[in-house]
S.K.: 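To start, I am sharing the structure in question, which I have written as structure tokens.
Start at 1 and go down the list; that is how both ligands and their atoms are numbered.
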Amino acid sequence: MDKLIYLDNAATTRTRPEVAEAMAPYFSEYYGNPSSFYTLAHKSAAAIKEARDIIVESIGAQKYDDPEKYDVYFTAGGTEADNWALIATAEAYQDKGKHIITSAVEHHAVLHSCQYLEKRGFEVTYVGVDKDGIIKLDELEKAIREDTILISVMFANNEIGTLQPVKEIGAIAKEHGVLFHTDAVQAYCQVPIDVDKMNIDMMSASAHKLYGPKGIGFLYIRKGIKTKSFIHGGAQERGRRAGTENVPGIVGFGKAVEIALANMEQRAKEEMELRDHLIKRVTTEIEEVSLNGCQKSRLPGNTNFSVRFVESESLLLDLMSKGICASSGSACTTKSLDPSHVLLACGISHERANGSLRMTIGAYNTKEEIDYTVDCLKEIVKRIRGLSPLYEDYLKKNK
Ligand code: PLP
């Protein structure tokens with residue numbers, strides 16, 4: 001392949017070779033259905049238990065000898081986990097009330113589940129965020145009503161990397177007797193998470209964001225929560241999530257978590273160094289560029305800029321021609337020309353939101369790659385601005 005600099009680690013990550021290696025025997029050697037009777041099947045069931053144990057421990061959840069008691073349920077990814085947490089919980093608790101609270105900056109897996117519920121008679125309050133993308137806690141607390149059954153606020157934002165005050169949100173939810181779900185797809189294995197200490201009742205995660213395979217995730221559901229089955233069929237996952245388990249995916253997920261946890265601090269430190277270097281160079285060497293999101297409370301590898309007088313699409317195309325993979329925001333909305341709902345919710349103007357550029361650093365990036373990217377970006381911005389009448393006006397007024 002020609003030169004490739006991958007700076008879109010929030011969209012997905014490269015599966016680690018150790019993870020692919022751990023998965024391989026479960027395709028062709030230990031291929032038994034974990035629900036079957038014979039020894040070959042037991043091998044698959046044991047591998048699932050091993051992966052589940054690693055995951056349960058990683059979030060401070062309870063471990064059991066009896067697999068029937070676990071609170072972690074494997075799903076086909078983060079989207080399914082979010083849909084399950086919202087839709088099935090709403091259904092299970094509708095006798096108590098039909099009001100849900102979420103934030104304006106959630107991933108579409110949560111927002112579109114909310115819209116689905118609104119069409120079915122539920123009411124949803126979308127709490128605003130400040131300029132850094134942090135949820136307004138006073139607004140959140142004021143939004144709680146007698147009939148509120150669920151608060152769903154993401155752990156970290158996929159576009160701007162802002163980390164939410166999850167512990168505080170959990171405490172508010174607990175005080176008011178409301179369930180709390182967090183979409184931790186971006187945060188899991190990037191920052192420490194403890195479901196008990198943070199009062200998290202439900203949590204979604206996905207393997208492909210942490211160097212694991214695509215199409216496998218989990219939903220943590222605290223014991224005692226009534227959430228119903230979302231996928232109907234067989235008795236897998238304690239009768240709550242039907243379908244033959246994705247054994248290789250689960251094994252890969254467990255391995256990815258094991259590696260990610262072992263080097264979390266070191267990786268975060270390295271990513272932060274590269275991130276801060278990237279931010280410094282971009283904001284000092286290119287004029288009229290601003291950093292979106294929070295300076296301090298931010299995922300280690302996330303950068304999100306607004307580059308004035310350029311459109312994201314032209315930027316991304318030019319970067320692609322230099323072998324650089326980046327995005328304008330969420331991978332799920334890259335093909336949409338609408339400005340990001342996250343940036344607009346932070347009070348960023350349409351003009352600045354239209355020139356957004358997200359570059360997310362991961363375990364495989366180097367300083368040389370960052371420097372090459374900034375050098376290319378400077379050239380590209382100059383070229384595109386050279387064609388912009390708005391930039392010409394700006395120069396006339398300001399120089
Ligand atoms: N939630 C967030 C915050 C995400 O970033 C993503 C993926 O981009 C998802 C949910 C969906 O996860 P998956 O791709 O595993 O369905």
Side-chain angles (χ1 to χ4, degrees), residues 6-15 19 55 72-87 102-116 126 129 133-135 152-164 166 169 181-191 193 200 202-220 230-231 241 243 246 249-250 252-253 256-257 260 293-294 297-304 325-336 340-343 345 356 358-362:
Y6 187 73
L7 287 172
D8 203 14
N9 287 279
T12 196
T13 52
R14 187 202 302 187
T15 303
V19 169
I55 288 168
V72 162
Y73 300 84
F74 289 111
T75 64
T79 301
E80 184 192 317
D82 284 344
N83 274 252
W84 184 7
L86 276 111
I87 297 170
T102 189
S103 86
V105 294
E106 297 298 307
H107 187 272
H108 284 125
V110 166
L111 290 180
H112 289 169
S113 295
C114 286
Q115 285 164 17
Y116 171 89
Y126 300 88
V129 294
I134 296 177
I135 192 158
S152 179
V153 178
M154 69 202 319
F155 208 113
N157 188 270
N158 47 304
E159 296 190 30
I160 54 176
T162 299
L163 289 155
Q164 296 295 351
V166 168
I169 300 169
H181 164 251
T182 188
D183 171 347
V185 168
Q186 290 289 336
Y188 179 52
C189 290
Q190 301 274 358
V191 293
I193 298 181
I200 296 167
M202 283 177 280
M203 182 183 121
S204 312
S206 182
H208 75 101
K209 308 289 185 181
L210 49 115
Y211 312 94
K214 293 169 184 57
I216 183 79
F218 72 78
L219 179 65
Y220 162 78
F230 184 59
I231 306 279
R241 199 283 185 182
N246 172 0
I250 291 170
F253 198 176
V257 171
C294 189
S297 188
R298 182 179 205 110
L299 283 174
N302 175 283
T303 69
N304 186 311
C325 307
S327 87
S328 58
S330 164
C332 311
T333 50
T334 300
K335 292 190 184 113
S336 144
S340 145
H341 68 285
V342 174
L343 297 182
S356 63
R358 180 185 73 175
M359 292 184 279
T360 43
I361 294 158

S.K.: In terms of atom number and element, which parts of ligand 1 are under 4.0 angstrom from non-hydrogen atoms of D82?
M.R.: 1 (N), 10 (C)
S.K.: When you measure from the side chain of E159 to the backbone N and O of N304, does any donor-acceptor pair fall under 3.5 Å?
M.R.: no
S.K.: Start with the C-alpha gap between Y188 and I55, add the side-chain angles, then the distance that decides, and say whether side-chain contact (heavy atoms from CB on, under 4.5 Å) holds.
M.R.: CA-CA 10 Å; Y188 179 52; I55 288 168; 3.8 Å; yes
S.K.: Is the side chain of R358 donor-acceptor paired with the backbone N or O of N158 at a distance under 3.5 Å, no angle test?
M.R.: yes
S.K.: Out of D183, T182, T12, whose heavy atom is nearest to atom 1 (N) of ligand 1?
M.R.: D183
S.K.: Who's closest to atom 14 (O) of ligand 1 heavy-atom-wise, of M154, H208, K214?
M.R.: H208
S.K.: For G77, take its heavy atoms, then give the atoms of ligand 1 lying under 4.0 Å from any of them.
M.R.: 15 (O)
S.K.: If we ignore hydrogens and angles and just use 3.5 Å, is the side chain of S206 paired with the main-chain N or O of G77 as donor and acceptor?
M.R.: no
S.K.: I'd like to check which ligand 1 atoms, numbered from 1 as shown, lie under 4.0 Å from a non-hydrogen atom of S206.
M.R.: 13 (P), 15 (O)
S.K.: Please find out if less than 6.0 Å separates the ring center of F253 from that of F218.
M.R.: yes
S.K.: How does K209 reach ligand 1, by side chain, by backbone, by both or by neither, if only non-hydrogen atoms under 4.0 Å count?
M.R.: side chain
S.K.: Side chains of T13 and K209: donor-acceptor distance under 3.5 Å anywhere?
M.R.: no
S.K.: Can you see whether D82 engages S204 through a side-chain donor-acceptor pair at a distance of less than 3.5 angstrom?
M.R.: yes
S.K.: For ligand 1, note which part of V110 has a heavy atom under 4.0 Å away: side chain, backbone, both or neither.
M.R.: neither
S.K.: Need the ligand 1 atom indices (1-based, order shown) with element for anything under 4.0 Å from a heavy-atom of N158.
M.R.: 3 (C), 5 (O)
S.K.: Tell me which part of T79 gets within contact of ligand 1: side chain, backbone, both or neither, using heavy atoms under 4.0 Å.
M.R.: both
S.K.: So, regarding G78 and ligand 1 (criterion: nitrogen or oxygen to nitrogen or oxygen, under 3.5 Å), is there a contact or not?
M.R.: yes
